[in-house]
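Accompanying notes for the structure given below.
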Amino acid sequence: MNNIYDELKKNFQIIHGPCSIENYEQVYDFLNTFNGSFSYLRGGIYKPRTNPNSFQGLGEKGLEIIKKLREDFKFDFVCEITSIKQLNLISEVNVIQIGARNMQNFELLKAVGKVGKPVLLKRGFGNTVEELIGSAKYLESVGCNQIILCERGIRTFSNVGRFTLDLSAVGYLKDNYDYPVIVDPSHAGGKSTEVIRLAKAAKAYGCDGLLIEVHVDPPNALSDKDQQLNFQEYKDLLDGLKYVNSK
Ligand code: PEP
Ligand code: MN
């Protein structure tokens, strides 16, 4: 019931939440507004940041917040891990995310693949789709059979947008492999207006689901503040997506 891998195979799904778990109230407000009876909540606690002085995530304190939120809400928690050491700590995590920067961290993949949880594997922004498949095979080689692939934008010579969303990769992966493929328009778009357009385009294109960053107060977010949708923008997007056919 509610296993994300199985649900993505059946119907279009959305994974949502803030870029980073910052405090209890922030995530409470989000779930109180958007959880419904159940949702796939995503939020980072171990953040892979370009600069060491940027917010690095709450670490285990973030997991305490998640535990407390389960008293009031039903959700599966999707969370990136960046190191094998974190694997001992993440009983609260239902779906493990491998971020773009770790897509080819093969030791991490082999450790994560053994855990028995679904894995959300993001494409590296400098990697081909076949390299993404290679990483999926690493997970499979140690027994992981619930792999979700995610296109999140790649680096090209285009200098508009944060990354270039490679929708053709989604079609290629769907035509040639059996994995569910989701799209992250947030990290590709880099600013909320673009995220909204890319989300609709990706659904129309035929991906199996979306990963969207939403924050109660984006201008004051501790990470990715330009791309996180505010609550009104996200409500409007959810309304708009109802009119977009995914198949
Ligand atoms: C994220 O999903 O929060 C993230 C850091 O994304 P990516 O690994 O795609 O850059
Ligand atoms: Mn982010």
Side-chain angles (χ1 to χ4, degrees), residues 4 14-22 26-27 30 40-52 54-59 62 66 76-83 86 90 93-105 108-109 112 118-129 131-132 135-136 139 147-156 161-167 169-170 173 181-192 194-196 198-199 202 207 209-230 233-234:
I4 191 168
I14 297 184
I15 300 168
H16 58 192
C19 178
S20 299
I21 304 289
E22 298 173 10
Q26 168 218 21
V27 193
F30 174 76
Y40 297 109
L41 170 71
R42 197 205 74 123
I45 59 169
Y46 305 110
K47 297 303 298 179
R49 305 303 300 281
T50 303
N51 294 303
S54 304
F55 178 61
Q56 301 284 308
L58 291 182
I66 294 299
D76 270 5
F77 183 47
V78 183
C79 187
E80 173 167 2
I81 71 155
T82 53
S83 141
Q86 294 153 5
I90 54 162
V93 175
N94 304 96
V95 180
I96 300 176
Q97 176 177 317
I98 299 290
R101 289 158 188 80
N102 273 314
M103 188 201 91
Q104 288 192 313
N105 182 339
L108 181 63
L109 293 173
V112 165
V119 177
L120 167 46
L121 177 64
K122 297 187 93 174
R123 178 183 180 188
F125 43 78
N127 289 110
T128 65
V129 277
E131 287 166 342
L132 175 62
S135 296
L139 293 167
I147 301 167
I148 300 145
L149 303 179
C150 179
E151 164 59 34
R152 46 79 73 215
I154 54 172
R155 224 160 236 162
T156 67
R162 189 175 176 191
F163 294 93
T164 302
L165 188 65
D166 185 8
L167 281 181
V170 176
L173 290 167
V181 184
I182 68 167
V183 166
D184 166 2
S186 295
H187 291 87
K191 60 177 186 194
S192 55
E194 184 63 7
V195 171
I196 290 164
L198 290 178
C207 63
L210 294 170
L211 186 167
I212 300 178
E213 288 191 342
V214 187
H215 194 281
V216 62
D217 181 17
N220 288 305
L222 298 181
S223 56
D224 285 347
K225 62 188 167 75
D226 296 332
Q227 72 197 32
Q228 297 200 69
L229 305 189
N230 65 34
E233 287 169 326
Y234 187 42

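All values below were derived from every heavy atom in this structure, side-chain atoms included, with hydrogens, water molecules and symmetry-related copies excluded. We count ligands from 1, going down the list as the structure has it; atoms in each ligand are counted the same way.
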R42 with E80: basic N within carboxylate O range, under 4.0 Å: no

Give me the pairs of N or O atoms, one from ligand 1 and one from the protein, that sit under 3.5 Å apart.
residue	atom	partner	partner atom	Å
ligand 1	2 (O)	R42	NH1	2.5
ligand 1	2 (O)	Q97	NE2	3.0
ligand 1	2 (O)	K122	NZ	2.8
ligand 1	3 (O)	R42	NH1	3.1
ligand 1	3 (O)	R42	NH2	3.4
ligand 1	3 (O)	K47	NZ	3.1
ligand 1	3 (O)	H187	NE2	3.4
ligand 1	6 (O)	K122	NZ	3.0
ligand 1	8 (O)	A100	N	2.8
ligand 1	9 (O)	K122	NZ	2.9
ligand 1	9 (O)	R152	NE	2.6
ligand 1	9 (O)	R152	NH2	3.4
ligand 1	10 (O)	R101	NH1	2.8
ligand 1	10 (O)	R152	NH2	2.8

Heavy-atom pair of closest approach, residues G62 and I21: CA-CG2, 4.3 Å

Protein N, O or S within less than 2.8 Å of the Mn ion (ligand 2), waters excluded: C19 SG, H187 NE2, E213 OE2, D224 OD2

Any salt bridge linking D226 with R162? Criterion: basic side-chain nitrogen under 4.0 Å from a carboxylate oxygen. no

Mind telling me whether Y234 and H16 have parallel, tilted or perpendicular rings, with 30° and 60° as the class edges? perpendicular

Pairing donors with acceptors under 3.5 angstrom, does anything connect the side chains of D224 and H187? yes

Heavy-atom closest pair, residues I154 and G124: CG2-O, 4.1 Å

Treating Q227 as the side-chain partner and L229 as the backbone partner, does any N or O pair qualify as donor plus acceptor under 3.5 Å? no

How many angstroms lie between CG in D166 and CG in N127, if you round to the nearest 0.5 Å? 12.0 Å

So, E131 and Q104: side-chain donor and acceptor under 3.5 Å apart, yes or no? no

